[in-house]
Structures are given as structure tokens and as C-alpha cells.
Amino acid sequence: RKEVEQDPGPFNVPEGATVAFNCTYSNSASQSFFWYRQDCRKEPKLLMSVYSSGNEDGRFTAQLNRASQYISLLIRDSKLSDSATYLCVVISAAGNKLTFGGGTRVLVKP
Amino acid sequence: DGGITQSPKYLFRKEGQNVTLSCEQNLNHDAMYWYRQDPGQGLRLIYYSQIVNDFQKGDIAEGYSVSREKKESFPLTVTSAQKNPTAFYLCASNTPSGVTEAFFGQGTRLTVV
């Protein structure tokens, strides 16, 4: 089993719709979690951190479920510009290793 | 402006040749990482370093080597032993505790010709 797993997609989303996807992790002692966005042929950029209490940034909501060992990202009112690959990142308990999921591709269509 | 810089942006290598990819950061981060990304794939960890003069192998270290002589610099050498080096290489850094986000360079696209 991979340390961090994501559904590769693509998720084909009508403009204005809501899309949600998860990222599962295998190490229950993992301490920090993030969502990154990556556009084609570019470096990943931080989208948001994921806190135990959940957090929201505009149309984006991230949640952490430690009991089931997954994090989620929800995008409301999808825009064409939201089309990208979304990568989850898990930091080990020792804080010494960043592990990426394989990414979930989202395609927002008119 | 603080940031992390990779160079060159594009690199072409002949088969059997070693090449070194540069990664420099002025964010005062102790931890630095090298990842490889193949088309349509996620990021795979090659090497990482938590402190100067120390580094650890990641998941796909074979055919690569690194050094960490300075806090600011973490060069990656792709050796001739790496049989399929064509890929997008990304360098990242973060703070010592590891609980903050990682910052990425713009990447180096390596092609074997």
C-alpha cells in the first residue's frame, strides 16, 4: 500500500458545480497535511493547510479525518481556472519527510 | 525576495553523461528535498536533507547523488547509472520542524538525447 494515495481522476466538473475528493494516508502518526495545486508543467503551489478542525478559504474547504486517515478537499462553484492537478502532502511524525500523493486531476468545463 | 531557485530550467544530457541540477534557497530553511515527476504522475522523493552535511535516500535514490555542504544549496547529480533520467525535477525546502508548508523551485526539465 502506498503511503499516500489519491484517486487520479480526472474529475470532469461542470462550471459552477461542486467537486470533492479525498487523500488517504497510511501512517497514523503523520502530523501535518497540505493541499497543493499543480498546473501543467509547473511547480506545485500551496493551496491550503489542513487542520484538525477543518478550514475554509473562499470556495475551498479542507478537512482531516484522523480516525479514518484521510484528508479531503471540496471546491464549490467551480471555475474554469480551477482546472489543475491537486496534490495532497503528508508530513511524517518526525517532521522529516514530505510525502506526496499521486495527484487528482480536475477538469472544469463550461 | 526570499525564494528557492533551480537552474537550469531546461537541460539536455547525452547518454552516459553525468549532469548536476542546482537548487539554492535564501529562506533560511534547514530541510531540502529533491523530487522527480514523470508525465501524468505524482512526485517521487529522490533525496532529502534535514541539516548541513547530512542527507537521506528517498524512494528512488538509485542513479542519483546529492551533497549538502551549505545550508542554502542542495545540488542533485544525475549519474550515468540512472537509466531513465528524462523527467521533471523539483527541489523544495521547508522549516526544521517540518510542520510548515514546503516551497518549490520552478523545476528543471531534463531530457536525454
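None of the values given here were measured: they were computed from a predicted structure. Residue numbering restarts at 1 for every chain, and letters A, B, ... go by the order of the sequence lines.
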Under 4.5 Å heavy-atom distance to chain B, tell me which part of A/R41 shows up: side chain, backbone, both or neither.
both

Is atom CD of B/Q25 surrounded by more than 12 heavy atoms (other residues, nucleotides or ligands) closer than 6.0 Å?
yes

Please classify the contact of B/Q6 with chain A as side chain, backbone, both or neither, using a heavy-atom distance under 4.5 Å.
neither

A side-chain contact here means heavy atoms from C-beta on lying under 4.5 Å apart; do A/F100 and B/R44 qualify?
no

Report yes or no: do A/V89 and B/Y33 belong to one cluster of Ile/Leu/Val/Met/Phe/Trp/Tyr joined by side chain heavy-atom distances under 4.5 Å?
yes

If you group Ile, Leu, Val, Met, Phe, Trp and Tyr by side-chain heavy-atom gaps below 4.5 Å, do B/L90 and B/I46 land in one group?
no

Joint hydrophobic cluster, A/Y86 plus A/V90, side-chain heavy atoms closer than 4.5 Å
yes

Minimal heavy-atom distance between A/Y36 and B/E101, with the atoms involved, is OH-CB, 3.5 Å

Let me check something: do A/F21 and A/L47 share a hydrophobic cluster, defined by ILVMFWY side-chain heavy atoms less than 4.5 Å apart, either directly or through other members?
yes

Residues of residues 104-113 of chain B within contact distance of chain A, non-hydrogen under 4.5 Å
B/F104, B/G105, B/Q106, B/R109

What part of A/Q38 gets closer than 4.5 Å to chain B, counting heavy atoms only: side chain, backbone, both or neither?
side chain

Would you say A/R105 has more than 12 foreign heavy atoms packed within less than 6.0 Å of its CZ?
no

Looking at B/I51, I'd like to know if its CD1 atom is crowded, meaning that more than 12 non-hydrogen atoms belonging to other residues, nucleotides or ligands lie closer than 6.0 Å.
no

Decide yes or no for A/I91 and B/N94: does some side-chain heavy atom of the first lie under 4.5 Å from some side-chain heavy atom of the second?
yes

Side chains of A/L98 and B/L45, heavy atoms from C-beta outward: is any pair under 4.5 Å?
no

Would a hydrophobic clustering, with Ile, Leu, Val, Met, Phe, Trp and Tyr connected at side-chain separations under 4.5 Å, put B/V52 with B/V66?
no

Could you give the distance from CD (A/E43) to CD1 (B/I4), rounded to the nearest 0.5 Å?
10.0 Å

So does A/K42 have more than 12 non-hydrogen atoms from other groups sitting under 6.0 Å from NZ?
no

So how far is it from A/T99 OG1 to B/Y35 OH, rounded to the nearest 0.5 Å?
6.5 Å

